[in-house]
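Right, one structure below, let's go through it.
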Protein chains: 4
Amino acid sequence: MIKVGIVGGTGYTGVELLRLLAQHPEVEVEAITSRSEAGMRVCDMYPNLRGHYDDLAFSEPDPQRLGACDAVFFATPHGVAHALAGELLAQGTRVIDLSADFRLRDAEVWSEWYGQPHGAPELLDEAVYGLPEMHRERIRQARLIAVPGCYPTAVQLGLLPLLEAGLIDADHIIADCKSGVTGAGRGAKVPSLLAEASESMKAYGASGHRHLPEIRQGLGDAADRPVGLTFVPHLTPMIRGIHATLYGRLTTEPGDLQALFEQRFADESFVDVMPSGSHPETRSVKGANVCRLAVHRPAGSDTVVVLSVIDNLVKGASGQAVQNLNLMFGFTEDAGLAAPALMP
Amino acid sequence: MIKVGIVGGTGYTGVELLRLLAQHPEVEVEAITSRSEAGMRVCDMYPNLRGHYDDLAFSEPDPQRLGACDAVFFATPHGVAHALAGELLAQGTRVIDLSADFRLRDAEVWSEWYGQPHGAPELLDEAVYGLPEMHRERIRQARLIAVPGCYPTAVQLGLLPLLEAGLIDADHIIADCKSGVTGAGRGAKVPSLLAEASESMKAYGASGHRHLPEIRQGLGDAADRPVGLTFVPHLTPMIRGIHATLYGRLTTEPGDLQALFEQRFADESFVDVMPSGSHPETRSVKGANVCRLAVHRPAGSDTVVVLSVIDNLVKGASGQAVQNLNLMFGFTEDAGLAAPALMP
Amino acid sequence: MIKVGIVGGTGYTGVELLRLLAQHPEVEVEAITSRSEAGMRVCDMYPNLRGHYDDLAFSEPDPQRLGACDAVFFATPHGVAHALAGELLAQGTRVIDLSADFRLRDAEVWSEWYGQPHGAPELLDEAVYGLPEMHRERIRQARLIAVPGCYPTAVQLGLLPLLEAGLIDADHIIADCKSGVTGAGRGAKVPSLLAEASESMKAYGASGHRHLPEIRQGLGDAADRPVGLTFVPHLTPMIRGIHATLYGRLTTEPGDLQALFEQRFADESFVDVMPSGSHPETRSVKGANVCRLAVHRPAGSDTVVVLSVIDNLVKGASGQAVQNLNLMFGFTEDAGLAAPALMP
Amino acid sequence: MIKVGIVGGTGYTGVELLRLLAQHPEVEVEAITSRSEAGMRVCDMYPNLRGHYDDLAFSEPDPQRLGACDAVFFATPHGVAHALAGELLAQGTRVIDLSADFRLRDAEVWSEWYGQPHGAPELLDEAVYGLPEMHRERIRQARLIAVPGCYPTAVQLGLLPLLEAGLIDADHIIADCKSGVTGAGRGAKVPSLLAEASESMKAYGASGHRHLPEIRQGLGDAADRPVGLTFVPHLTPMIRGIHATLYGRLTTEPGDLQALFEQRFADESFVDVMPSGSHPETRSVKGANVCRLAVHRPAGSDTVVVLSVIDNLVKGASGQAVQNLNLMFGFTEDAGLAAPALMP
């Protein structure tokens, strides 16, 4: 058993870590921090955890107590991991950051999109982008993981095969993404009210969203050249789930696209290439650490369409974080992540 | 007061016609037909109509009784209007067909997509495609109207300004569309159950959907040349609403896109160009005969993004049908259509 | 045309007043106030109103401008109408208060439940409880109306026939009520988020809720004696609607309950007694100023069950307020209130 | 490892059994039957099971193959278990029936409510009602289990303490119950469509529902006398969950109700008595085999209110079935049932 800490545990990715770790055979949660809720038992905020963590309470963040953990998850707004990660790493604690703090390799690009200076540029070199389907071996050796964002996970997994094979015009990729409302976090904001967000659909950030540079960086790695991407996220009236619909223009006759996708992910236990002709539903991954993909080529068209679904809180955040932990500590990759999705 | 009939009144577009016509000062509903429910009062099936149509019952379709109406709406599956429209026109009754029967000018293309011979090719010449923002003057004179489909309405209104101005690559247009479940009709099908369709998002028909040729025809008219279109519809967990997200690659520096859109629709009372930077929500048109649009150009990109929302049952079907009726009979264009959307 | 003002227009009852008054032939909205949003156009906050009130903006509350109106609606938290109503009445303006300020005849009871002194006890004598089905004649003469709460409307209408006829044990009435989330207002609170409130059901205030004394007062009027009531409200994952399920133990053989209900409401255009055996759905009144009722007597039981549904924002608030206005100014009672519910 | 079969696996309780058993360390699913879908892989119908049961396909029911299992679950409409249970028991296979076939001890009462003769009255004597909180010891020895219905589970667990202690008037109990739509099954029926059932609330069966005699029987056992019950179920726009609101009139001063409930369930790992003043949410048990309870006594009232929530598909069906299996085979009672609820 290893000991882990969670910094910033009151949000949705924090409680989701607790839910997943409750089923993990090798992990014990030693501390979970929250300045605003210090002293409150986690199961008083999240009654689904009653009977699972009855003695665990939120505590003030204490670098020494956290430093005594084998690993610490950051489930915090951006900027927090910048401030604490170095101190933890110095104590030998591995850091798995679910925030955006270490996702972009270029501190200046980060600073542009997040409107503040990068707080720990000296750590960028050793931070590993925690998408196991791209960087599994580096993750095994890493001390500091930047867990990919939810949209970036869905988009990259869907486009990797096409870009790696050089089949599509990398200058004009379109990612039309639909997310459930937990993507907007647990903040009390009017637009996230049930009375405002249900029975409706809308785009947001159509002119530019923070996940754009992250996706571009990852797709650029896959293509081995800079890519041009139009990314439009949408708010969908559901709790969990991301559906990414990806459009690329073929620059060459691609051969058997279904086979290409199946081969690319043949050894990946958390990427499921559905049968030809499928339309994956987000509910088929609800609560599960899975990305399901389907690839379509409409008749008479040179545009390929990829459908990619994940649970934004699992493969798009906390589940992927646990998957990274498993790789870093040599556990079986699906420890704590084996349960099927909840459907219906 | 004119007298109207409705053929096939048990579906969602049928009851929506009744709801709208209840507020119409110039129209009386003389007959509503349904083979399966003949004899049942409409308000026993649709209790929202109690107090409005207490004496109106579904009846067997009777060409003579329908032929005594000034106008007849078809709210039927495809094929039905083919069989009856000619007979009604011969009696001097105008026909407003909400089905797909007369939307495609080419009977062979229709036959390909609908899997059966076209049943009334001799009427195609005089059928007018009922999109007032394109064909208002022809509608005023028409005897036979093909009311546009829901997706086609949202997509065409969003792309008209760009195509008419020749600003985008007409060979590679992308329409990513999201629809509420009433778009699938009132049929009892497992995938439309609340337990199956809520808390989920999925694409369907990614390899080809019947609205594709209709949209292509309309966009081709606007562009004055054939267009290439990738159209992917998605099922969204809400009752009403379509959100079309439209992507076009600019082939020339476009000037002020906001002004272009505002000018194109300056005289249109049912198309609302939102302020620059807006993201229209489908709920803002719930129950109302309005299309709200916003146009975005992401920084550093040559792709323009148009957001277009309608209520699929109103501007996407029954409301547009009433708008056509108003034009055909010289009523004010918003008669029966003046109520604001229901929000929240 | 009369001129009306709305105080506190940013909440759901405020925008709902605007939606309904947009269809009212005799009313012009002169002013709508909001301290927090002064200067903002109403259609920028509520885009469903674009095209309807394009020049109307929220303004600071100005007693003189409001006093120049024929009538002023208060769509405010409790306490606000206390402070302003007297001044408006003195200027000859009639006041229709949608808040709880004048619903309880006893200032001390009010003070107990609302945790502050009653701010205008001198006005209580002339305040009329605006339930037209109980007090129509007094409403016609009133200068100050206390519009009933949403739960109280649904519960009272469902129980009036039984209590007036003295058929049930008035000491042990049970009202199990389910409300959509707009009942909790437009405040940004975590429990009202879509991610928290959807896909779930819960009771609240089971040990005591502010609508309890109001309901008891109204039922006591109907029974002509004090009543004992257990009232448990529940939060339901929908935007609009209240479903009240009412249980009374028969103290005598009641005869034909269906006929009793039909006769009681025979002249009421906004109360719809459904056929025997019906189960009214809240969606059948969505957006409409109607209460639909059904009365059941389970086999072998001495308990009568009444099902009562309203739209909490319409018959439970803004629609009932307009109905009161119509009575006070001699308009037809359904002016602005004639549209059928939106279904589906 | 034991081998189990599932008869009638295409419905929601069937797939839920598969989801739970995928996490069960002692159970292997040997066969799952469906006449209509024989030959189809379960993961083609339920893609959440992809990667879990990739080789399992629905098969025609074969009594020999089923008889080779250690236990067989019936997830079937009523009547099916009547026909097959005896044959399986004769082969030494234990039967766990999720349908209503063996819930009522009196074959005549069963016949009255289900409109057909009881098909296996000779088995009624040995059938054990599978509510572990009432009958744990008998379940351990049983060969044939009647798994309680969903409403009966929620209602009985909430009322047991009060009835066993003789504190409330057993002649006038009220159970107002709200259920998600999976309670209506996976049948393709118009009223269960998302477009019909969402954004709405309604009662059904207000004059009599098949769960009534089952609840009365169970409550009668607890009270040791016949009880009088008014039971009104409601359809709620959510996928899973039952919220039972239970009303009983105190016949004596009850002492500390909170302590009474806590003591009654002190040893029950699947019944969670929440802290005093709580209002349990159905989402807090989504996917989990838990019943959460709260007990309230409104001020100044002699009526006690119990709030009881379960997931209708888990503690209300398939989870409870697995709990019974665990007891029958001597596994730990929470084997396969230990995961926390999915929240949000």
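These numbers come from the heavy atoms of this one structure, side chains and all, not from hydrogens, waters or symmetry mates. Note that the coordinates shown come from a computational prediction; the quantities given were computed from them, not determined experimentally.
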Check your understanding: Which residue out of B:Val232, B:Thr303, B:Val305 racks up the most heavy-atom pairs below 4.5 Å with chain A?
Key -> B:Val232
Exercise for review: Would you mind checking which part of A:Arg249 comes under 4.5 Å of any heavy atom in chain B, side chain (CB onward), backbone (N, CA, C, O), both or neither?
Suggested key: side chain
Study note, to complete from the structure: Contact list (residues 276-284 of chain A to chain B, heavy-atom gap under 4.5 Å, by number) returns A:His279, A:Pro280, A:Glu281, A:Thr282, A:Arg283
Check your understanding: Are A:Lys178 and B:Asp176 ion-paired here, with the side-chain N under 4.0 Å from a carboxylate O?
Key -> yes
Check your understanding: So, for B:Pro298 and A:Ala206, which heavy atoms are closest and what is the spacing to 0.1 Å?
Key -> CG-O, 3.5 Å
Check your understanding: Looking at A:Pro344 and B:Ala195, what are the two nearest heavy atoms and their distance?
Key -> CB-O, 3.4 Å
Check your understanding: Where does the angle between the aromatic ring planes of A:His243 and B:His234 fall among parallel (under 30°), tilted (30 to 60°) and perpendicular (over 60°)?
Key -> perpendicular
**Study point:** Heavy-atom pair count under 4.5 Å with chain B, highest-scoring of A:Pro237, A:Ala299, A:Gly228
**Key:** A:Pro237
Practice item. Select one option (side chain, backbone, both, neither) describing which atoms of A:Ile239 are under 4.5 Å from chain B's heavy atoms. Key: both
Exercise for review: Would you name the heavy atoms of A:Glu199 and B:Met238 that are closest together and state the gap between them?
Suggested key: OE2-CA, 3.4 Å
Exercise for review: Quick one: which of A:Met201, A:Lys202, A:His296 has the most heavy-atom pairs under 4.5 Å with chain B, could you say?
Suggested key: A:Met201
**Study point:** chain B contacts, top residue of A:Thr236, A:Leu307, A:Thr245 (heavy-atom pairs, under 4.5 Å)
**Key:** A:Thr245
**Study point:** Contacts with chain B made by residues 182-190 of chain A (heavy-atom distance under 4.5 Å), listed by residue number
**Key:** none
Review point. Between A:Asp302 and chain B, which part of the residue has a heavy atom less than 4.5 Å away: side chain, backbone, both or neither?
Key: side chain
Exercise for review: May I ask you to name which of B:Ser198, B:Gly205, B:Gly208, B:Gly180 has the most heavy-atom pairs under 4.5 Å with chain A?
Suggested key: B:Gly205
